[in-house]
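Have a look at the structure below before the remarks.
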Amino acid sequence: MNATQPSVFRRYLPELEQASLLKTVKEVNTMAAHRDHAWIRVTLAPGMRVGEAPRLTVGDLRAARETGWLFIPREHRKGKHRDHQVPVTKLVAEAIDALLALHGAKVIDAEPAVPSRKHGAGGAGQGLAVRSYQDRMKRWCARTGIEAASPHWLRHTRAQNIKRRSTAVDPLAIVQ
């Protein structure tokens, strides 16, 4: 697929758009932008579903850094059929560390990994809602000057990145 195809056929971000999006978000010096940059990376690096991200807790992130695996229980997954473990690669580790850095040292493990702006630092509250992930992504795409994309496109983008870099005979099998 090429970048000039309509979005209905291209539901991923090519490498230049990925880089541009991440650069745009990183250059904005607000807590919301730091949070958004971190969750975009945490979602993109392992190809996580947007429905899984809001359920992550600080404890999940800490455990992932300790064990080398980000555990996603079946209750948090689409279909709820089986648990899933994502290897904590260098990119995933950097993204997790960025999210953890947003929290104070005394934050409890049950706190949402991606706090909403209403959440407040160190206070009890809700994590960012799925609709907010979608709205934030749309806003950042517009600011970057790229086609509007949903957070789910980050999952497709990860798959395309794997296929593009794979030396396997059947790169699609590696993605699957």
Side-chain angles (χ1 to χ4, degrees), residues 11-13 15 18-19 21-22 25-26 31-117 119 121-122 124-137 140 149-166 168 171-176:
R11 293 183 182 237
Y12 67 93
L13 299 174
E15 290 187 69
Q18 290 173 59
L21 174 66
L22 288 168
V25 180
K26 188 175 184 173
M31 284 303 291
H34 294 303
R35 178 206 57 205
D36 292 349
H37 187 258
W39 75 253
I40 289 169
R41 292 172 57 209
V42 160
T43 306
L44 175 63
M48 185 180 294
R49 291 183 186 279
V50 70
E52 296 166 350
R55 295 177 170 188
L56 287 175
T57 65
V58 169
D60 294 333
L61 299 182
R62 288 177 176 159
R65 289 300 278 135
E66 289 173 15
T67 65
W69 294 93
L70 178 60
F71 179 74
I72 303 169
R74 75 173 128 291
E75 305 82 53
H76 298 175
R77 300 201 64 225
K78 182 179 178 180
K80 303 180 190 307
H81 295 297
R82 62 178 181 251
D83 298 335
H84 184 62
Q85 291 190 56
V86 177
V88 178
T89 63
K90 181 181 177 191
L91 288 176
V92 174
E94 289 170 356
I96 287 172
D97 291 345
L99 265 180
L100 287 173
L102 297 174
H103 297 275
K106 295 183 180 182
V107 70
I108 60 172
D109 283 352
E111 290 288 319
V114 184
S116 69
R117 286 190 286 181
H119 180 82
Q126 296 292 316
L128 199 62
V130 170
R131 179 68 66 205
S132 295
Y133 281 90
Q134 294 165 339
D135 291 343
R136 300 297 295 171
M137 183 75 171
W140 286 117
S150 75
H152 191 72
W153 282 37
L154 299 174
R155 182 173 172 82
H156 293 204
T157 299
R158 175 63 178 146
Q160 287 294 331
N161 289 346
I162 291 170
K163 283 174 42 180
R164 189 174 22 259
R165 292 179 178 96
S166 176
L172 184 57
I174 301 299
V175 170
Q176 293 169 336

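Everything quoted here is computed from the prediction, not taken from an experiment.
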Are the side chains of [X] and [Y] in touch, meaning some heavy atoms are under 4.5 Å apart?
X     : Y      : answer
Val50 : Met137 : no
Leu56 : Leu70  : yes
Arg55 : Asp60  : no
Leu61 : His103 : no
Met48 : Val86  : no
Trp39 : Leu102 : no
Leu44 : Arg41  : no
Val42 : Val114 : no

Could you tell me which non-hydrogen atom of [X] sits nearest to which non-hydrogen atom of [Y], and how far apart they are?
X      : Y     : answer
Val25  : Ala33 : CG1-O, 3.4 Å
Ala45  : Val92 : CB-CG2, 3.6 Å
Pro112 : Val58 : O-CG2, 4.0 Å

- Message: For the backbone of Ser150 and the side chain of Gln134, can you confirm whether one donor and one acceptor N or O come within less than 3.5 Å of each other?
- Response: no
- Can you name the salt bridge (Lys or Arg N to Asp or Glu O under 4.0 Å) partners of Asp109, sequence neighbours left out?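 With sequence neighbours excluded, Asp109 shows a salt bridge (Lys or Arg N to Asp or Glu O under 4.0 Å) to Arg62, given in chain and number order.
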- Set of residues satisfying salt bridge (Lys or Arg N to Asp or Glu O under 4.0 Å) with respect to Arg136, sequence neighbours excluded: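 Partners of Arg136 by the salt bridge (Lys or Arg N to Asp or Glu O under 4.0 Å) criterion, ordered by chain and then number, come out as Asp36.
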- Quick one: side chain to side chain donor-acceptor pair (under 3.5 Å) partners of Ser132, sequence neighbours excluded?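 Side chain to side chain donor-acceptor pair (under 3.5 Å) list for Ser132, sorted by chain: empty.
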Calculate, to the nearest 0.5 Å, the distance between atoms [atom1] and [atom2] belonging to [X] and [Y] respectively.
X      : Y      : atom1 : atom2 : result
Leu21  : Leu154 : CG    : CG    : 7.5 Å
Arg35  : Leu128 : CZ    : CG    : 5.0 Å
His34  : Leu99  : NE2   : CG    : 12.5 Å
Leu22  : His37  : CG    : NE2   : 4.5 Å
Leu13  : Trp153 : CG    : CH2   : 6.5 Å
Ile108 : Glu111 : CD1   : CD    : 4.5 Å

